[in-house]
Amino acid sequence: MTDDPFENMLAQMDRAKEYADVDDGVFERLKHPERTLKVTLPVELDSGEVKVFEGYRCQFDSARGPFKGGVRYHPSVTQREVEALAGWMTWKTALVDLPYGGAKGGVICEPKDLTQNDLESLTRRYTEGIRRMIGPETDVPAPDMNTNSQTMAWMMDTYSMYEGHSVPQVVTGKPLEIGGTPGRVEATGRGVSIVTERLFEYLDRDLSGASVAIQGFGNVGSNAAKLLDEAGARIVATSDVTGAAYDPEGLDVSALDAHVTAGGLIDEYVAGDRRDVPIADGDGDRGDGWWDAPEMISNEELLTLDVDVLIPAAVEGVITADNVRELRASAIVEAANGPTTVAADEVLTERDVQVVPDILANAGGVIVSYLEWVQNAQEFSWPLETVNAELERRIGRAFDQTIEQYDAKDLPDLRTAAYTLALERTASAHEYRGLFP
């Protein structure tokens, strides 16, 4: 099986095809993105060097509405990856029943090597490069890997300068001060937490005390960890590029989050001196001034821990045919896009390991992006409680519909159930609209 993310997505579609009520001609259309733009981005850096970057924007399918999808900055960005991510976004928006099609953007760069001014210049140049493709009624970008609300503010400002007036709804994931919505930053992690709780209810298992390993402690992984920790789960491991902190008794998620939020890395946290932190044992606060540090393990070892649920929340393609037989998690909730290859999926299905697919598990971000876009269009803002309640309602409904499809059709796994729903909804839109000209 290929490790190409686009081929992986096509194989996932093909697995669902035999169960989905989709016309062959329409299905063929669904396998191809509508358009992909490659842009060349010369940027004068703070160092005085003029460096030429490459970027992409793929618009995959617009049958259900305007394109929607994030923009990522990463050295490994490729055209095929961007096209795969745009496809996954198409199925994700259809599954959670949003009036969107899928898109994705990316720039090949290493953000850690760029200053804040460099990132602003690069973002504005990229926005100008894709400006003719995007717009509040055509294509609405959002944050993704290594981009954030500041990135979206620069994109919005650049687009607005060309329009001659402020256009907040051209992007989502913005700062609150310029049209962002409360709850957007935490939305993907919150959705992962909600779906994990729903999975445990479906499996008739208790989340309280359940062991959870999360690969990736970025925005999504850290928010999922905090919310699952609050729900009573035991976060035994989490990781970043330096490796993973592991403690079978459970990590201090709030302390780790504070360390990472302040710019620290996980290996620094594990090696850090905590002798001023009182430690509690079964009899209460020992107060002996010593800290039992977590163990440092590799990202690969984290994937193979014997836990109740594994949450890959980093990059795609981490669960493969090479390591899947070493995985011991009872269930997997995919917070990252495309973390499991089709070859690995087949093994997990044979072993009856429940996998909540990415197009369902990480849909919280696009759901709240939609809510932000709607608020911008109405020039009206909602409180956090309304946003979170609507997120829970929409992702909960999508989970329930996926389970109903899984049980009613006796499908092999939850991914196939999710894809049959998404493909049928998108195909239905194509059939109603017809083929032009």
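- Side-chain contact between Glu300 and Asn323: absent, with no pair of heavy atoms (C-beta onward) separated by less than 4.5 Å.
- Between Leu114 atom CG and Asn146 atom CG the span is 10.5 Å, to the nearest 0.5 Å.
- Rounding to the nearest 0.5 Å gives a distance of 15.0 Å between SG of Cys58 and NZ of Lys38.
- Between Phe60 and Phe6, the ring planes are tilted. Angles from 30° to 60° get that label.
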Passes side-chain contact (heavy atoms from CB on, under 4.5 Å), Val270 versus Tyr246? Steps please. CA-CA 9 Å; Val270 171; Tyr246 170 59; over 6 Å; no
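- Under the 3.5 Å distance criterion, with hydrogens and angles disregarded, a donor-acceptor pair is assigned to the side chains of Ser254 and Asp252.
- In this structure the side chain of Leu310 reaches within 4.5 angstrom of the side chain of Leu302, judged on heavy atoms.
- In this structure, a donor-acceptor pair under 3.5 Å is present between the side chains of Glu34 and Ser62.
- A donor-acceptor distance shorter than 3.5 angstrom exists from the side chain of Asn376 to the backbone of Gly179, with no hydrogens or angles considered.
- Looking at Arg190, its side chain never comes within 3.5 Å of a backbone N or O of Leu227 through a donor-acceptor pair.
- Considering only heavy atoms from C-beta on, Lys174 comes within 4.5 Å of Pro168 through its side chain.
- Salt bridge Asp413/Arg15: present, at least one basic N to carboxylate O contact under 4.0 Å.
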Let me see the working for Arg415 and Glu334 under salt bridge (Lys or Arg N to Asp or Glu O under 4.0 Å), right down to the final yes or no. CA-CA 11 Å; Arg415 191 186 314 279; Glu334 295 183 334; 2.7 Å; yes
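- Using cut-offs of 30° and 60° on the angle between ring planes, the pair Tyr419 and Trp91 is tilted.
- Using a 4.5 Å cut-off on side-chain heavy atoms (C-beta onward), Asn219 and Val185 make contact.
- In this structure, the side chain of Ser330 does not engage the main chain of Val309 through any donor-acceptor pair within 3.5 Å.
- Here the CD1 atom belonging to Ile178 is positioned 8.0 Å from the CG atom belonging to Asp157, to the nearest 0.5 angstrom.
- Inter-residue side-chain proximity for Tyr56 and Leu37 is flagged as unmet; no heavy-atom pair is nearer than 4.5 Å.
- Between Tyr100 and Tyr370, the distance separating the two ring centers is shorter than 6.0 angstrom.
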Test side chain to side chain donor-acceptor pair (under 3.5 Å) on Gln405 and Gln401 and set out the steps. CA-CA 6 Å; Gln405 186 88 333; Gln401 290 172 339; over 6 Å; no
Going through the distances and angles, do Thr181 and Gln375 end up as a side chain to side chain donor-acceptor pair (under 3.5 Å)? CA-CA 8 Å; Thr181 185; Gln375 290 172 81; 3.0 Å; yes
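- A salt bridge does not link Lys92 to Asp358: none of the charged nitrogens lies less than 4.0 Å from a carboxylate oxygen.
- Listed for the Ser239 side chain is a donor-acceptor partner under 3.5 Å among the backbone atoms of Gly216.
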How far apart are the C-alpha atoms of Ile359 and Leu95, what are their side-chain angles, what is the distance that settles it, and do they pass the side-chain contact (heavy atoms from CB on, under 4.5 Å) test? CA-CA 7 Å; Ile359 62 171; Leu95 178 63; 3.9 Å; yes
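- The shortest distance between side-chain heavy atoms of Leu119 and Gln116 falls below 4.5 Å.
- At distances below 3.5 Å, at least one donor-acceptor pair connects side-chain atoms of Thr90 with backbone N or O atoms of Gly102.
- The main-chain N or O of Lys112 is found under 3.5 Å from a side-chain atom of Glu110 such that the two form a donor-acceptor pair.
- Looking at Arg57, its side chain never comes within 3.5 Å of a backbone N or O of Thr36 through a donor-acceptor pair.
- Going from atom CZ of Phe53 over to atom CG of Leu41 covers 8.5 Å, rounded to the nearest 0.5 Å.
- For the pair Arg131 and Tyr162, the distance from NZ or CZ to the six-membered ring centre is under 6.0 Å and the angle to the ring normal is within 45 degrees.
- Under a 4.0 Å N-O distance rule, the pair Arg394/Glu390 qualifies as a salt bridge.
- Heavy atoms from other residues, nucleotides or ligands lying under 6.0 Å from CD of Glu379 number 12 at most.
- Taken from NE2 in His430 to CG in Leu30, the straight-line distance is 5.0 Å, to the nearest 0.5 Å.
- For the pairing with Ile332, the side chain to side chain contact (heavy atoms under 4.5 Å, CB included) check across Ile319, Leu303, Leu199, Ile311 returns one residue only, Ile319.
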Worked check of salt bridge (Lys or Arg N to Asp or Glu O under 4.0 Å) between Lys31 and Asp61: CA-CA 10 Å; Lys31 293 162 66 174; Asp61 191 280; over 6 Å; no
What do the steps show when you test Thr242 against Asp240 for side chain to side chain donor-acceptor pair (under 3.5 Å), and what is the final call? CA-CA 5 Å; Thr242 66; Asp240 63 10; 2.5 Å; yes
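- Between the side chains of Asp345 and Thr340, no donor N or O sits under 3.5 Å from an acceptor N or O.
- Thr426 and Ala94 make their closest contact through OG1-CB, 3.5 Å (heavy atoms, listed as atom of the first residue, atom of the second, distance).
- Under 3.5 Å, the side chains of Ser298 and Glu301 contain a donor-acceptor pair of N or O atoms.
- Here the side chain of Ser428 pairs no donor or acceptor atom with the backbone of Glu424 at under 3.5 angstrom.
- Of the possible donor and acceptor atoms, one in the side chain of Thr147 sits under 3.5 Å from a partner among the backbone N and O of Asp144.
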Taking it one step at a time, do Thr188 and Asn362 satisfy side chain to side chain donor-acceptor pair (under 3.5 Å)? CA-CA 5 Å; Thr188 307; Asn362 68 23; over 6 Å; no
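- At distances below 3.5 Å, not a single donor-acceptor pair connects side-chain atoms of Arg64 with backbone N or O atoms of Gly101.
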Under the salt bridge (Lys or Arg N to Asp or Glu O under 4.0 Å) criterion, do Arg234 and Asp229 qualify, and how do the steps go? CA-CA 6 Å; Arg234 187 163 37 96; Asp229 183 57; over 6 Å; no
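- Using a 4.0 Å cut-off between charged nitrogen and carboxylate oxygen, Glu49 and Lys51 do not count as a salt-bridge pair.
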Are Tyr126 and Val39 close enough, and set up right, to give a side-chain contact (heavy atoms from CB on, under 4.5 Å), and what steps lead you there? CA-CA 8 Å; Tyr126 173 71; Val39 290; 4.0 Å; yes
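- Between Arg80 and Glu7 a salt bridge is recorded (basic side-chain N to carboxylate O distance below 4.0 Å).
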Apply the test salt bridge (Lys or Arg N to Asp or Glu O under 4.0 Å) to residues Arg72 and Glu81: give CA-CA distance (whole Å), side-chain angles for both, the deciding distance (0.1 Å), then the verdict. CA-CA 11 Å; Arg72 61 174 47 187; Glu81 178 193 52; 3.1 Å; yes
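- Defined by atom type and a distance below 3.5 Å, a donor-acceptor pair is present between the side-chain atoms of Asn148 and Thr151.
- Residues Glu186 and Lys226 are not paired through a salt bridge, judged by the lack of any N-O separation under 4.0 Å between the basic side chain and the carboxylate.
- Considering only heavy atoms from C-beta on, Thr127 stays 4.5 Å or farther from Trp154 through its side chain.
- Residues Pro141 and Met155 are in side-chain contact: their nearest non-hydrogen atoms beyond the backbone lie under 4.5 Å apart.
- To the nearest 0.5 Å, atom CZ of residue Arg425 and atom CG of residue Leu98 are 10.0 Å apart.
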